[in-house]
Number of protein chains: 2
Amino acid sequence: MQHNPKKINSELNPNVSVDCVIFGFDLEQLTVLLIDRGEISSAFGPRLALPGNLIYDNENLDMAADRVLDELTGLKNIYLEQVGAFGDPDRIHKESDREWLKSIRAEPEARVITVAYYTLVTMSQYKPQASSFAKNADWVPVNEIKELAFDHFEILQAAKEKLKQKIKIQPIGFNLLPEKFTLSQLHRLYESILDKPLDKRNFRRKIQKLDILTSLREKQRGVPHKPSLLYRFNEEKYQELTQTGFDNFGF
Amino acid sequence: MQHNPKKINSELNPNVSVDCVIFGFDLEQLTVLLIDRGEISSAFGPRLALPGNLIYDNENLDMAADRVLDELTGLKNIYLEQVGAFGDPDRIHKESDREWLKSIRAEPEARVITVAYYTLVTMSQYKPQASSFAKNADWVPVNEIKELAFDHFEILQAAKEKLKQKIKIQPIGFNLLPEKFTLSQLHRLYESILDKPLDKRNFRRKIQKLDILTSLREKQRGVPHKPSLLYRFNEEKYQELTQTGFDNFGF
DNA sequence: TTTGGATAGTGTAAATTTGACACAAAGCTA
DNA sequence: TAGCTTTGTGTCAAATTTACACTATCCAAA
């Protein structure tokens, strides 16, 4: 928790926390980085929760979200979007929740509102076992999550919906892919986020017409089938597009 | 401020406030209900601000927004959508801001984060002078607003953008119109929200094809030109539509 | 080396949607 | 009754969307 020593002199605000829905994509499906709260909670409710923490009084909300992400994964400068504020007075129900909150320095009796963010990371840049902060963290496919601690399941639903809407307007999906990727991977990504099948040929036609991909003269290697061409996201062309007011990346 | 006596026994949370962007439509342009903070602030900065207040510890955020709206306008059951949380540690800059916050019982030294909402009301249902709470409140056309107190201008921008995106997905604009309205009024409404001109015939064709309007056998009266037919929003047909997964109300 | 399994990559035709555009009808006022 | 103002309407061309099936390429196993 002392990962960012500059912050430690400031005071934690006991009323406001930040929770992060950290999305990843394992090239098959959308996943979320969850932390396991361990035995302490297992008898009472869901062990899995979104990573989060109270905010410091001298940081703004976006910075707090960056910090939580950094503490857990060591990643910086990650795509980040606010989902919204969640704050039912009774959002902390269980004795186990209170115990656990104490263990991370929160005031379990205070009413806490949380500001939720979602972030998009490239899974290959981060494996949970690589970081000492992430001993209890792991990627879980979104579709397999049926419950979470506190009101985190509700937050996850809201984040999925925000992401879905956002990707119809901006091609932010590239933040979830490695630098080089195939059209099929991009296709799968859009299908998982939009949660519906998309026709292969129509998808390819549409994405190619946008002209925001650079085709690398390079093929996939080691796959037991016809290897795919690799592409890279072309930031410059994307900027050109948006600056002309274009905003129809919808599917 | 004691409009809702049930709440008065609970404690105010000094760290969390709710601000409301109350949109209206004067049949010409989009407007926002602002309060005038009066002389106390005039020497230091903008007098106009969004209505808002601290939240009580026993109410959830949506309820708090409803309450603020009710206190100011007396309106209940209004369309309400969260914009997000705003919370730069230095969002309260000026001495005048501190004075004013004291006057509404806030703790000016505490770091306050605010959760912003936007709401859509029918202007004809509410005239500022009708309510004793609203002596200092008035409708201001959105396009004429150049600055607001605190970070409220930023919040307003965010709210406008949210509304713009939302109306592309759901036909929520009817909440801004009287029960009976003309297609031209609806047309103007979409133009003000989307902030761009829309071709009259194409707009009409599109809105009619959605089949969510009931044509009343009734004409406008007293207008110095050809009177328009009046329409009503058809909630049932809209529900049918959305339940089939339709979500393209975009323009 | 041949064969089978798996995914990549490609084109077309029909239906739908969009965008551009102009004039007659209806009511009010002077 | 003449003039002003806004309503209400149709068409055509272009662009976009949808549905749909087969060959090419690589790896692995026989």
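Every chain is numbered from 1, with letters handed out A, B, ... down the list of sequences. Everything quoted here is computed from the prediction, not taken from an experiment.
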For this session: Write down the distance between CD1 (A:Ile207) and C1' (C:dT10), rounded to a whole number of angstrom.
Result: 17 Å
For this session: Quickly work out the A:Glu218 CD to C:dA8 C1' distance and round it to whole Å.
Result: 16 Å
For this session: Tell me yes or no: between the side chains of A:Glu161 and A:Gln157, is some donor less than 3.5 Å from an acceptor?
Result: no
Exercise. Does any donor atom in the side chain of A:Thr114 or A:Asp19 lie under 3.5 Å from an acceptor atom in the other side chain?
Worked result: yes
For this session: Nearest-nucleotide wise, let me know which of A:Gln220 and A:Asp199 is further upstream toward the 5' end of DNA chain C.
Result: A:Gln220
Exercise. Counting just side-chain N and O atoms, does A:Lys206 come under 4.0 Å of either OP1 or OP2 of D:dT17?
Worked result: yes
For this session: State, without any angle test, whether A:Tyr117 and A:Asp62 hold a side-chain donor-acceptor pair at a distance under 3.5 Å.
Result: yes
For this session: Without swapping roles, check the side chain of B:Thr242 against the backbone of B:Gln239 for a donor-acceptor pair under 3.5 Å.
Result: yes
For this session: Would you mind checking if A:Glu240 and A:Lys237 are paired as a salt bridge, meaning a charged N to carboxylate O distance below 4.0 Å?
Result: no
Exercise. Whole-Å distance between D:dT17 C1' and A:Phe203 CZ?
Worked result: 15 Å
Problem set entry | A:Arg204 side chain vs A:His187 backbone, donor-acceptor pair below 3.5 Å | no
Could you list the protein-to-nucleotides 27-30 of chain C atom pairs, N/O on both sides, closer than 3.5 Å?
{"residue": "C:dG27", "atom": "OP1", "partner": "B:Lys219", "partner atom": "NZ", "Å": "3.0"}
{"residue": "C:dG27", "atom": "N2", "partner": "B:Pro224", "partner atom": "O", "Å": "3.2"}

For this session: Send over the distance from B:Phe181 CZ to D:dT7 P, rounded to a whole Å.
Result: 14 Å
Exercise. Is there a donor and acceptor pair, one atom on the side chain of A:Arg201 and one on the base of C:dA8, closer than 3.5 Å?
Worked result: no
For this session: Find the distance B:Arg204:CZ to C:dC21:C1' and express it as a whole number of Å.
Result: 16 Å
For this session: Find the distance B:His187:NE2 to D:dT9:P and express it as a whole number of Å.
Result: 15 Å
Problem set entry | Presence of A:Ser184 side-chain N/O under 4.0 Å of C:dA8 phosphate oxygens OP1/OP2 | yes
For this session: Give the angle between the helix axes at the two ends of the helix from C:dT1-D:dA30 to C:dA30-D:dT1, taking five base pairs at each end and rounding to 10°.
Result: 10°
Problem set entry | Presence of A:Ser228 side-chain N/O under 4.0 Å of C:dT7 phosphate oxygens OP1/OP2 | no
For this session: Whole angstrom is fine here: how far is it from CZ in B:Phe249 over to C1' in C:dT17?
Result: 16 Å
Exercise. Tell me: CZ of B:Arg205 to P of C:dG19, nearest whole Å?
Worked result: 9 Å
For this session: Compare all side-chain heavy atoms of A:Ile207 with those of A:Leu183 and state whether any distance is below 4.5 angstrom.
Result: yes
For this session: Please identify each residue that fulfils side-chain contact (heavy atoms from CB on, under 4.5 Å) with B:Glu81, with sequence neighbours left out.
Result: B:Tyr79, B:Tyr118, B:Lys166
For this session: Could you check if a side-chain atom of B:Phe249 sits within less than 4.5 angstrom of a side-chain atom of B:Ile167, using non-hydrogen atoms only?
Result: no
Exercise. Hey, which of these two, B:Leu229 or A:Lys200, hits DNA chain D nearer its 5' end, going by closest nucleotide?
Worked result: B:Leu229
